[in-house]
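Below you'll find the structure, written out as structure tokens, and then a few comments.
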There are 2 protein chains.
Amino acid sequence: MDWSAHASECLDEAGHRSGHARRQVVELLAGADCALTALEIDRRIESVGRASVYRTLDRLEQLQLIQRVDVGGDAAGYERVDASGHHHHLVCQDCGQLSPFTSEQLEDAIEAVGRGSGFALASHDVVLRGTCPGCGERDA
Amino acid sequence: MDWSAHASECLDEAGHRSGHARRQVVELLAGADCALTALEIDRRIESVGRASVYRTLDRLEQLQLIQRVDVGGDAAGYERVDASGHHHHLVCQDCGQLSPFTSEQLEDAIEAVGRGSGFALASHDVVLRGTCPGCGERDA
DNA sequence: ATCTGTGCAAATAGTTTGCATCCTC
DNA sequence: GAGGATGCAAACTATTTGCACAGAT
């Protein structure tokens, strides 16, 4: 089952109804490569009110079907949470492009911090900023 | 030399002048335990316009004397960059408290990701969210 | 039929900008 | 004295809320 079907099911089980706005937002997120901001989503979908985009994102986040990603810009990004894999983000300071990465070593280190801190960790974000290969070449 | 003197010096060298607002913002940040938002700073300082707070924060960030910290709330936090040490943040989802931590293992893992990605890393943020020991106890 | 989802418009919150004035160098 | 720093108020951007109505169950 793909994410969009899974998301719809979870929303239904949580007692939410399926409207036209919700379907479109879920659809878009299902096909997205990486995080999208609420405004990007709103712009890409005709005939859906901005408020509905925000409300749908809230519900999805509450159910942990999507995750908020703060990469330092003005607007918050949202991307689906895949059962398959958890990832983090590299942000290019020049072109603004967002690329995902994974690192077991990193996850291990975070887990160790959690154990040492006494906090019961629920989630975590890692954002690396720098110059991507493409932009680095251009400058050189 | 403490941070506030260092910051003033850097600002001067960058060609900025020292006014009453700048002095107060630097002073506050120098004594802060962890990140403060622009609005917190504004509220804590009488007789300084909000715009001056933002402008001073911009200049400090540009010179890398402070660092912006996004912990997921609505407002961005700012905290001084100490030569001594670089740290990250644990956020309690219940009480909202922010605590700093350091981890060499984590820094190593990040460096490794940088090498593997082709990105020239400039900076990075790590935010861990969970329940702090105090709030965990209270719930139990 | 009921009660939630939706769209619009207005309200809010954080941040930025324009401009006249003050004050540092 | 010149030019940056400051404060105020207005502008802006992202996000939230109130409300009437359409639509899902």
Side-chain angles (χ1 to χ4, degrees), chain A residues 4-5 7-29 35-63 65-79 96, chain B residues 4-5 7-29 35-63 65-79 96:
Chain A
S4 96
S8 297
E9 194 175 290
C10 288
L11 285 163
D12 290 345
E13 281 173 11
H16 292 294
R17 294 181 184 176
S18 170
H20 131 93
R22 182 184 112 175
R23 263 189 303 274
Q24 302 223 44
V25 171
V26 168
E27 190 65 29
L28 223 192
L29 285 165
L36 296 173
T37 66
L39 290 172
E40 282 169 350
I41 294 172
D42 182 55
R43 262 181 246 119
R44 294 206 205 173
I45 304 180
E46 293 281 300
S47 74
V48 168
R50 183 162 305 175
S52 297
V53 171
Y54 281 105
R55 282 188 281 235
T56 302
L57 290 173
D58 278 350
R59 288 164 204 158
L60 287 166
E61 193 187 10
Q62 212 112 60
L63 295 170
L65 291 162
I66 59 172
Q67 180 175 15
R68 181 184 160 143
V69 178
D70 262 316
V71 291
D74 32 353
Y78 293 89
E79 66 184 2
Chain B
S4 96
S8 296
E9 193 176 291
C10 288
L11 285 163
D12 290 346
E13 280 173 11
H16 293 295
R17 297 181 181 177
S18 170
H20 128 95
R22 181 183 113 177
R23 263 188 304 272
Q24 303 222 44
V25 172
V26 168
E27 190 65 28
L28 224 192
L29 285 166
L36 295 173
T37 67
L39 289 172
E40 282 169 348
I41 294 172
D42 183 54
R43 265 182 243 118
R44 294 206 205 175
I45 303 180
E46 293 282 302
S47 73
V48 168
R50 183 162 305 175
S52 297
V53 170
Y54 281 103
R55 283 188 282 234
T56 302
L57 290 173
D58 279 351
R59 288 165 204 158
L60 286 166
E61 192 186 12
Q62 213 112 62
L63 295 170
L65 290 162
I66 60 174
Q67 179 175 15
R68 181 184 161 145
V69 177
D70 261 316
V71 291
D74 32 355
Y78 293 90
E79 65 184 4

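Protein chains get the first letters and strands the later ones, always in sequence-line order, with residue 1 at the start of each. Because the structure is a prediction, the values reported are computed rather than measured.
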Response to the item:
Rounded to whole Å, the OH-P distance (A:Tyr54 to C:dC8) equals 16 Å

Worksheet item: Rounded to the nearest 0.5 Å, what separation is found between the CG atom of B:Leu36 and the OH atom of B:Tyr78?
Response: 12.0 Å

Worksheet entry | Inter- and intrachain pairs under salt bridge (Lys or Arg N to Asp or Glu O under 4.0 Å), touching residues 14-29 of chain A, at least two apart | A:Asp12-A:Arg22

Sort me out a list of protein N/O and nucleotides 23-25 of chain C N/O pairs below 3.5 Å, or just none if empty.
residue	atom	partner	partner atom	Å
C:dT24	O2	B:Arg17	NH1	2.8

Practice prompt. Check whether any side-chain heavy atom of A:Leu28 sits under 4.5 Å from a side-chain heavy atom of A:Val26, and report yes or no.
Written response: no

Worksheet, complete the sentence: Computed from five pairs at either end and rounded to 10 degrees, the angle between the axes of the helix from C:dA1-D:dT25 to C:dC25-D:dG1 is 30°

Item to complete: State whether B:Arg59 places a side-chain N or O below 4.0 Å from either non-bridging phosphate oxygen (OP1 or OP2) of D:dA5.
Response: yes

Worksheet, complete the sentence: B:Asp74 CG to D:dT17 C1', in whole Å, measures 16 Å

Response to the item:
The correct set of residues in residues 36-47 of chain A placing a heavy atom under 4.0 Å from DNA chain C is A:Ser47

Fill in: Inter- and intrachain pairs under salt bridge (Lys or Arg N to Asp or Glu O under 4.0 Å), touching residues 41-51 of chain A, at least two apart
A:Asp42-A:Arg50

Discussion item. Students often get this wrong, so: under 4.0 angstrom with heavy atoms, is B:Ala21 touching a base, only sugar-phosphate, or nothing?
Written reply: sugar-phosphate

Worksheet entry | Residues that A:Gln67 engages under side chain to side chain donor-acceptor pair (under 3.5 Å), provided they are two or more places apart | none

Worksheet item: Looking across every strand, which nucleic acid part, if any, lies under 4.0 Å from B:Arg50 by heavy atom: base, sugar-phosphate, or nothing?
Response: base

Worksheet item: Which pair of non-hydrogen atoms, one from A:Gly72 and one from B:Asp70, has the smallest distance, and what is that distance?
Response: CA-OD2, 3.4 Å

Discussion item. Please tell me if A:Ser52 has a side-chain N or O lying less than 4.0 Å from either OP1 or OP2 of C:dG7.
Written reply: yes

Fill in: Atom-to-atom span, CZ of A:Arg22 to C1' of D:dG23 - whole angstrom
13 Å

Fill in: Partners passing side chain to side chain contact (heavy atoms under 4.5 Å, CB included) against B:Ala75 (at least two apart in sequence or in another chain)
B:Thr37

Item to complete: Let me know the distance between CZ of B:Arg68 and P of C:dG14, rounded to the nearest Å.
Response: 13 Å

Item to complete: Any chance you could measure A:Leu65, atom CG, to A:Ser4, atom OG, to the nearest 0.5 Å?
Response: 11.0 Å

Discussion item. Between the base of D:dG7 and the side chain of B:Arg55, is there a donor and acceptor pair under 3.5 angstrom?
Written reply: yes

Show me, pair by pair, the donor-acceptor contacts under 3.5 angstrom made by side chains of residues 51-63 of chain B, not counting sequence neighbours?
residue	atom	partner	partner atom	Å
B:Thr56	OG1	B:Ser52	O	2.8

Discussion item. For A:Arg68 versus B:Gly73, what's the shortest heavy-atom pair and its separation?
Written reply: NH2-O, 3.5 Å

Discussion item. Donor-acceptor pair, distance only, cut-off 3.5 Å: does the side chain of A:His20 make one with the backbone of A:Ser47?
Written reply: yes

